[in-house]
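As structure tokens, the structure follows; a few thoughts come after it.
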Amino acid sequence: MSAKRSNKKGRRQVADDAPPEPGRREALKKLGALGALALLDVGALTSCGRRLSSPQMERERKLLILGIDGLDARITERMMARGELPNLRRLRDTGGFGSVTSTIPPQSPAAWASLITGRDPGGHGIFDFVHRDAETYETVSSGTATAPPKYTIPVGQWQVPLSGSQVESLRHGTAFWDRLAERGIPCEVHRVPANFPPTDSGAKQMAGLGVPDARGTLGTCSYYSDVPLGPNQGLETHSVRVANGVVRARLNGPRNSLRNGWPTTSVELGVYLDGHSRVAKIAVQDQEIILRQREWSDWVPVRFVMVPQVKTITGICRFYLKEVTPNFKLYVTPVQFDPLDPALPIAAPAGFAGELASRHGRFHTLGLPEDTSALGGGALDDDEYLHQAGLCLEEARRIWESALAEFDRGLLFYYFGYTDRNQHVFWRASDPRHPAFEPRLGREYGGIVEDCYRLSDELAGEALQASDDDTTLIVVSDHGFAPFYRKFYLNAWLANNGYLSMRDVSEGAPIATGAVWSETLAYGIGLNGLYLNLAGRESRGIVSQEQRESLLRRLVKDLYAIRDPDTGDAVFSDVALTDEVYSDALPALTPDLILGYAPGYRSGVASALGRMTSEELRDNTNKWSGDHCIDRDAVPGIVLSNRALRRERVSLPDITATALAEFGLNRPDDVLGQSIL
């Protein structure tokens, strides 16, 4: 038996002999559907030996948190040692620098939820991008639940609602800024993941990762061409015909839950081509957009009719005229909610998104705005993707700079995700060992990963410039990064080793309908989760509570023993029993094991979605080439502050406790961390 990690009760986890791809967003389409549409503990005024003498002093104190997704402690230290990242070095030298131990698993929704609430995944209930429905064994959203109007009146082909649709956050626990806002402390929070929909607590908030597009997916773009691209995950491809220089097509919007059968809404597109000048005019509703070849439009509002003359939903999209001749190619971003008139609660208070758009112009509202699926599917090439991601970054920086200029008290928390997405898709360009590496990629894009750190240094410099003697500045990332060379398919391995019985073993077969549940002991859902087919929890469970512990120990032993036949390397470097590593647990939701992949390995998306594959291991030749959904010890994040740190190893709940302590609030019982300042 070998020991890996201490648990909440001082026991040690033991085991005998002992980290979606460019298509991830399509793979996670069930994270919300528009058509299918807190308890506050304010604590005391003393903390860490400091007492704030009055509410006025609370209001004058300033805490600036810059959240940057995916910055790795080792890459940061390496670049600082070379004399780069001057602003981060200044923070390190005058304040403090530490490494962040991420959550189990180190996934962005789980990690940021821990920073928000101060709980681990067992307490806040977000373990993955997707969870499983214990009744149906299907994948479901981990972050939100949507419900159509409770009462409707049928009128012909329509269902007239008597109440509104509802969207509910599945994250448990109270956001630390809600606790601050309850004390009257001004709070402004931008695009932090796992915060959709935001609570109307008095804090100004724009939701981030978790906000779907207008179609209810995490981002489905549209691609129109007269040459076939083929089916691709995360893309909706339209084969069109150019007739006398004109293309006729339709742009799809949300499904209409107010009409019988929930048909997909759409609007007509007319594209008029001038092949000689390589210019096109795009006509949509009452608007005309003139674009040159390889030119992007501004945001274009589009109205989708739900009930004529009664109900419409306004979305926004950008058009990119990829090619006029010799072939026609048009890319359209995912249709997103219009911040001037959002159909879902993407901000709190409700008018905050419109306030920002009125001041800065329309901006992306999709939680994952950088279109990695379009890159992976071939709708955008590397340069085009970088331009699209850059447009998203420009919008975010414009609002960031304005928020910094106006920040004079309370909390400002601003999140950037550009760094995470670009490391995901350009790791292949900086790592000659990667199966997708090519020398040309290295020459042209080999610096993209480190450019993410240089950008972060610029942002930190802007934060430093905006900070005065009354400002506490914290720069924090949720996890680091590692290469993703090989895909492991857990459900194929479970089936091959007698844990999962399948009547349908064809490629892509869903385990929900293809498994023989009366003979199945375990199955995989999510990038890191393994569930037992537990009696009394799963609808067709067969594993008794008495059998549970011995079965888990056998699984742990077998998983640690897996070796890559091509290299001899272990696929897993940590296998965590959730009832030993979590301080609390939600029995109906919690996986039984969290799988910590060794660097170089990660789950394949098919298995994460509960589908079968013919192989257990495959090379990752996709553009989604770096990842962090592995053993958390292999992907440490970073924390820096302009104040001295009490310790160099920090947990995400420590940031929660620090934020509360900065305003004199005692640490609530459900917050696991301790202040680091």
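Just so it is clear, the model here is predicted, and its values are computed rather than measured. For the numbers below, each heavy atom of this structure counts, side chains included, while hydrogens, waters and symmetry mates do not.
Because its NZ or CZ atom is not both nearer than 6.0 Å to the ring centre of F488 and within 45° of the ring axis, R602 does not count as a cation-pi partner of that residue. Geometric assessment of R486 against the ring of F484 yields a negative cation-pi assignment under the 6.0 Å and 45° thresholds. Taking the centre and axis of the six-membered ring of Y331, the NZ or CZ atom of K322 falls outside the cone set by 45° and 6.0 Å.
D383 and H387 share no donor-acceptor pair across their side chains, judged by distance under 3.5 Å alone. At a cut-off of 3.5 Å, with distance as the only test, no side-chain donor of N252 or T264 sits close to an acceptor on the other residue. Remark: the Y445 side chain and the D382 side chain contain no N/O donor-acceptor pair separated by less than 3.5 Å. Counting only N and O atoms by type, the side chains of Y320 and E384 include a donor and acceptor under 3.5 Å apart. Defined by atom type and a distance below 3.5 Å, a donor-acceptor pair is present between the side-chain atoms of D504 and S506. Side-chain contact annotation: T139 with R132, donor-acceptor N/O pair under 3.5 Å absent. In summary, the side chains of Q388 and W296 do not present any donor paired with an acceptor at a separation below 3.5 Å, with no hydrogens or angles considered. H479 and D72 share no donor-acceptor pair across their side chains, judged by distance under 3.5 Å alone. Looking only at atom types and distance, the side chain of Y453 has a donor-acceptor partner in the side chain of Q423 under 3.5 Å away. Judged purely by distance below 3.5 Å, without hydrogens or angles, the side chains of Y485 and D431 pair a donor atom with an acceptor atom. Side chains of W427 and D627: a donor-acceptor N/O pair is absent below 3.5 angstrom, by distance only.
What you find for G219 and D213 is that their closest heavy atoms are CA-OD2, 3.4 Å. Summarising the geometry of P301 relative to R362, their closest heavy-atom pair is CB-NH2, 3.9 Å, with the distance given to 0.1 Å. When all heavy atoms of A379 and L235 are compared, the pair lying nearest together is CB-CD1, 4.2 Å. Across every non-hydrogen atom of D298 and R318, the tightest pair is O-CG, 3.6 Å. Here the closest non-hydrogen pair linking L258 and K311 is CD1-CG, 4.1 Å. P254 and I313 make their closest contact through CG-CD1, 4.4 Å (heavy atoms, listed as atom of the first residue, atom of the second, distance).
Rounding to the nearest 0.5 angstrom, the gap separating the CZ atom in F437 from the OG atom in S625 is 11.5 Å. Rounded to the nearest 0.5 angstrom, D457 CG and C452 SG are separated by 13.0 Å. Separating the CG atom in L393 from the CG atom in L455 is a distance of 5.5 Å, to the nearest 0.5 Å. For the atom pair OG1 (T372) and CG (N422), the distance works out to 9.5 Å, reported to the nearest 0.5 Å. The structure places SG of C221 at 11.0 Å from CG of L375, a figure rounded to the nearest 0.5 Å. Here the straight-line distance linking atom CD1 of I399 with atom CZ of F363 works out to 4.5 Å at 0.5 Å rounding.
For the pair V284/V267, a side-chain contact is recorded, criterion being any heavy-atom separation below 4.5 Å from C-beta on. Between L251 and V335 the shortest side-chain heavy-atom distance falls below 4.5 Å. Looking only at side-chain heavy atoms (C-beta outward), P212 and T217 stay at 4.5 Å or farther from each other. For the pair V449 and F481, the minimum side-chain heavy-atom distance is 4.5 Å or more.
With H190 as the partner, the ring-ring contact (aromatic ring centres under 6.0 Å, His included) test is satisfied by one option alone out of F352, Y415, W400: F352. Tested against Q205, the residues V192, N195, D200 include a single side-chain contact (heavy atoms from CB on, under 4.5 Å) partner, N195. Of the residues E395, H364, Q336, the one that meets the side-chain hydrogen bond (donor to acceptor under 3.5 Å, both in side chains) test with W299 is E395.
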Verdict with reasoning, K281 to E288, per salt bridge (Lys or Arg N to Asp or Glu O under 4.0 Å): CA-CA 6 Å; K281 178 178 71 175; E288 294 183 345; 3.6 Å; yes
Mind running side-chain hydrogen bond (donor to acceptor under 3.5 Å, both in side chains) on T265 and N256 for me, showing each step along the way? CA-CA 6 Å; T265 60; N256 191 347; over 6 Å; no
Working for salt bridge (Lys or Arg N to Asp or Glu O under 4.0 Å), residues E507 and R611: CA-CA 8 Å; E507 188 78 14; R611 296 183 178 275; over 6 Å; no
Evaluation steps, salt bridge (Lys or Arg N to Asp or Glu O under 4.0 Å), between R397 and E462: CA-CA 10 Å; R397 292 191 74 167; E462 293 167 0; 2.6 Å; yes
Steps toward salt bridge (Lys or Arg N to Asp or Glu O under 4.0 Å) verdict (E236, R215): CA-CA 12 Å; E236 183 176 80; R215 301 177 65 178; 2.7 Å; yes
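Using a distance-only test at 3.5 Å, with no hydrogens or angles considered, no donor-acceptor pair links the side chain of S607 to the main chain of S603. In terms of modelled atom types and a separation under 3.5 Å, the side chain of T365 and the main chain of F337 share a donor-acceptor contact.
Heavy-atom neighbours of R454 CZ from other residues, nucleotides or ligands within 6.0 Å: above the threshold of 12.
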